[in-house]
Every structure is written in C-alpha cells, then in structure tokens.
Number of protein chains: 2
Amino acid sequence: MAARHEEIAEALRQAIDRGEYPVGGTLPTETELSARYGVSRGTVRQAVAALTAEGRIGSRQGARRVVLGNRRSQSFAELRSFAQWAAAMGRTATGRVLDQHRRPATLEDAEKLQIKPGDEVLQVLRVRGLDGEPVLLERNVYAAWMADAVERLPADCTSVVQALYEDIGMIFAYGEHVIDAVAAGAEDARLLEVRRGSPLLRIRRVTTTPAGRPIEWSDDRYVSGTVSFTVANSIGSNPLARQAGQA
Amino acid sequence: MAARHEEIAEALRQAIDRGEYPVGGTLPTETELSARYGVSRGTVRQAVAALTAEGRIGSRQGARRVVLGNRRSQSFAELRSFAQWAAAMGRTATGRVLDQHRRPATLEDAEKLQIKPGDEVLQVLRVRGLDGEPVLLERNVYAAWMADAVERLPADCTSVVQALYEDIGMIFAYGEHVIDAVAAGAEDARLLEVRRGSPLLRIRRVTTTPAGRPIEWSDDRYVSGTVSFTVANSIGSNPLARQAGQA
DNA sequence: CGGAATCACTTGTCCGAACAAGTCGATGAC
DNA sequence: GTCATCGACTTGTTCGGACAAGTGATTCCG
C-alpha cells in the first residue's frame, strides 16, 4: 500500500514519460496538483521533491517547475539485479557462478564488512553476459552470517537480492559505490574475453541492512563499451563525489 | 542566510564527522532534536531528510536513525571545480587551456545543447594536473550564447563556474552525468602522458541553467588510478542508473 | 529456555495555516 | 526599442496537530 505522495510521484513520472509534460516545459502548479489529486499542498510537495531529487524536474522559488529530462529512472532493486535490468530492456542476460568458497577475511574485507581480519567470509565469482557476450565480472564477498543462505542459492540465480529476501527476509537497504577505471588483468581478460590491459569500468560497493549492518562488498568489472552509469546532480543535491586515488 | 533546516543539517553533518554520533550508532530522536534546536518536528525532518538522501544516515519507521558513514560530502560547486576540490585536500592543482575555438555544432552537440546542427559552438580543451602529474583531460562544448563570456576567462582560470557567475550571473544548476571506461586514443595518451589504450574513466556531462537551458556539455577523462567517484544509494533513493552501451 | 503479547517509544504520512522570497508578464516612461 | 515598476502568482520555510505503522525492550506463559 503505497503512500499518497509516492503514488502521485509515480503518476507524474509516467505523465512526463509519455510527453504530457515535455522536456523544457512546465508542470502544473502545486495548487493545481493539490486540487487534481485531492491532497494537501504538503503532500504534493513531497511528491515533487522525489522527482527533483532524481533530476527529473527543476524547481526554483517563485517559478513553475520545469521538466529537465524524461530518462527512465531505476529502482534500487533493478540496479541490483542484472537480469531484471536486462529484461526491462528486452535483452537476454546470462549469469554463471565460476567459483565459490569460504576463506579468511583480508584487511580490506575486515574494513568493509566491519569484521576482524581472519574471520570467515564467503567469496563468489560470477560472470554475466548480455545477448551472449560476457560483459560483467562480479566478485562478491559476503559476511559469514550470510554465507549459509548464499550457498543455498542456485548457481544461475537471477536475482540474489530477491532470493535472499524470499528465503530469509534479508533486505539489502543501503549501498555505497566507488567508481573508477582499471586495466583488465589476466583473469579478467580471460573470463571477459578481452585483451590484457583493456579498460574496464569498476564499481566497488558495500551493501548494508536497514539497520546499517554490512552484508557484502563487491567488485564489479564491466567491459568498456557495454555498460555506462548515469547520475544526475544539482545545486540542491549532489549525490556524486570525487575522490583522489582509487579510494 | 541559510534556512533553519539547512543549518541543522550542517550541524548534524559536523557532529557525525567529529564522531559525536559514531558510524553504526544512533542519532537523537526527532523530539530531542526539536527541543535542542528550538524548532518544530517538521523542520527537524527536513534536516535529517537531507542527510538520508546523501547516504549519511539510515531511517526506518519506528526505529532510531543510524549513522551509515562519515564520508565528507561535496557540494555541487566543489565537484564542479577541480582546483577547489584539490585545495580542500591540500593538494596542488594545475590547469591549462590547450585549445579553444569556435566551430559548427555536430549532431551530438546539437542533441545535447538543444541547438541545430551547424550552429556555432565554442570548444575548449584543458588538461589538469594534480601535484604536477596530468590526471584529467576536459573537453567542453559551450553553446554560442555562452561563448563570449567563456572566451573572456583567463586561460588558467581556477573555477569556470565561479568566474561565469561573477562575470554574468550565470548559475550552473543541474548536471546529468554518464560514466564509463574508455581506452586512451593517441591524443589522450600524449596529453595525459600514458600509453595508448590505457584505461581512462570518462565522465560526460550536460549542464543546464536553473530554468533548464543547456549551457555546455563536456567529456572529462581521468587517468586510471588517480581519481574515483562515489555515489550512495538506497531503497528509498537511487541516484545511480545503469545503461546499456555508451549512452 | 523460546515464543508471543504488550507497551512505550519512534519515525512516516497527511492536513492546514501563515508568512517569506522569488518569478514573470504587463504597463508605463523615456 | 529599453528599462523600471508593480501586481499576481508560485515555490520555499516553518509551525503545530493528529493518526498510522513500525521497532525494541520487557513481561508473561508454556
């Protein structure tokens, strides 16, 4: 049962996407939306705040809101599931576990998962393809308390996040991503069928529960030219930060 | 004169950064913050909403908010100014215009700047260094109505955005970024002093005015290993989207 | 001991009011 | 034509209230 402000935000997204409010044009005023949806002005403001935060509309005091773009936004769940994302585009995704084993945590594991070095972790290596071509190598490191549930997953599991939710009620709630470019090493090159030294887009991520407990960290490597990522920012909200080095 | 909710958000960021609310710990309740700052609960909610949106805290109905991280966030302005960003880290930034000329808009320019192919644009090529090493190649394409002001800038201008604001009151308000990895071509390799085919992190961006009018588009290329970008996301808010191809 | 129930507390949603700060279009003067 | 002024309108901020939905700790019972 979605909140009213979420329903209104979704209705406005769809209206923008089908061109009812074209890019460069304006949205109805808060007063009009308030009357149209039968809600208070505050509820309208909550709905349009979500669209503002995702970069879809622009808002200035005193001026009507403008439509900045009509790109399709992605839910957290869709970003997390390669197969779901591919399916939404009408593309065919494949995924295969190449290796899975428990090992002692490195210093890096320990820092990212807030455990002690040497504690047990579960490492999983997957290769994912799009329309038959390998595009993504995923290395996941799960905290030990998650290991049993992950090991129960089938090797060709479509959505790890969804499966874990259904199996043990685990919610992946927050992610922190570090994005950079690296050169393909020997293993990467072999598994992704590219030349040694080819550019790969690397996304390292730590994921936590709703209470902030780290579940896993991962190192995803995409073949250059196959996948890109988009982020919108603004004076009012900048979700993107630059860091020196490889962080 | 900042709004109260912005002041409170900033006070809370600083409190988190100095460890008053450690990572993994909880924040005071809304009622406590309301009393402490002498504001209504609604104003407190606005302040913590900003921290939630930037991934600094996590929030669940019925449970106290938790601190997820204490990374230093960046303002839009700081992200836009390489020199300002470097200075904030105590690093030395250099910047040099290598080339600047007007030319007819390509199809790509036309699409990104919402002009006609063949209209005049201003292209600027800059190389930027960090502590003496070249790390970033910036190619900017400005719409013609911006060209005069840009040409007036000194070649070693520290912050183009700031200078344009001071000169003509131009506000860069919204950005849309596409992030991928590419191989260094001959020109990139020469200017960045890396090998041909080296991985570069590419950030292409379109920037618009508060009213949504495109000002410029750019193609920034960072040497691998020198700079990375971070993004936080959550179930409630996902600013990151994956796209097939190079978008 | 484990599981269920209960309760105090906490955050999420929605309402409505009042005022501040800004935009934009029309108008008038030069 | 340009520029300044004005007024209607629009979004931003803040307040306070009420209720819903959920958490977490404690207690009770088998």
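No experiment lies behind these values; they were computed from the predicted model shown.
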Next item on the list: Respond yes when some side-chain nitrogen or oxygen of T31(A) is under 4.0 Å from OP1 or OP2 of dC9(D), and no when none is.
Entry: no

Margin query: Whether T43(B) contacts dC15(D) is assessed here as follows: a side-chain N or O lying under 4.0 Å from the phosphate OP1 or OP2. Is that the case?
Written below: yes

Notebook entry, point to check: Is the distance from OP1 or OP2 of dC15(C) to the nearest side-chain N or O of R45(A) less than 4.0 Å?
Noted result: no

Item checked: Minimum-distance nucleotide (side-chain atoms of T29(A) versus dT10(D), dC14(C), dG12(C)) -> dT10(D)

Notebook entry, point to check: Would you say dG12(D) has OP1 or OP2 under 4.0 Å from some side-chain N or O of R4(B)?
Noted result: no

Check: If you check the S59(B) side chain, which of dG12(C), dT14(D), dT13(C) turns out closest?
Finding: dG12(C)

Dump every N/O contact between nucleotides 5-8 of chain C and the protein below 3.5 Å, one line per pair.
none

Next item on the list: Measure from the side-chain heavy atoms of R64(A) and tell me the nearest of dT10(D), dT11(C), dC15(C).
Entry: dT10(D)

Next item on the list: Report yes if some heavy atom in the side chain of E216(B) is under 4.5 Å from a heavy atom in the side chain of F172(B); otherwise report no.
Entry: yes

Check: Just by protein heavy atoms under 4.0 Å, how would nucleotides 17-22 of chain D read 5' to 3' in B, S and -?
Finding: -B--BB

Check: Taking NE2 from H5(A) and C1' from dC15(C), how many angstroms apart are they, rounded to a whole number?
Finding: 14 Å

Check: Roughly how far, to the nearest 0.5 Å, is the CD atom of E7(A) from the OG1 atom of T43(A)?
Finding: 11.0 Å

Next item on the list: Compute the angle between the rotation axes at the two ends of the helix from dC1(C)-dG30(D) to dC30(C)-dG1(D), each taken over five pairs, rounded to 10 degrees.
Entry: 30°

Notebook entry, point to check: So, is R60(A) close to the dG22(C) phosphate, meaning a side-chain N or O under 4.0 Å from OP1 or OP2?
Noted result: no

Item checked: Flag, side chain of H177(A) to backbone of T230(B), donor-acceptor distance under 3.5 Å -> no

Next item on the list: List the steps, then state whether side-chain hydrogen bond (donor to acceptor under 3.5 Å, both in side chains) holds for T208(B) with R213(B).
Entry: CA-CA 5 Å; T208(B) 67; R213(B) 187 181 190 194; over 6 Å; no

Note to self: Output the rounded distance in Å from CG (L33(B)) to P (dT10(C)).
What the structure shows: 11 Å

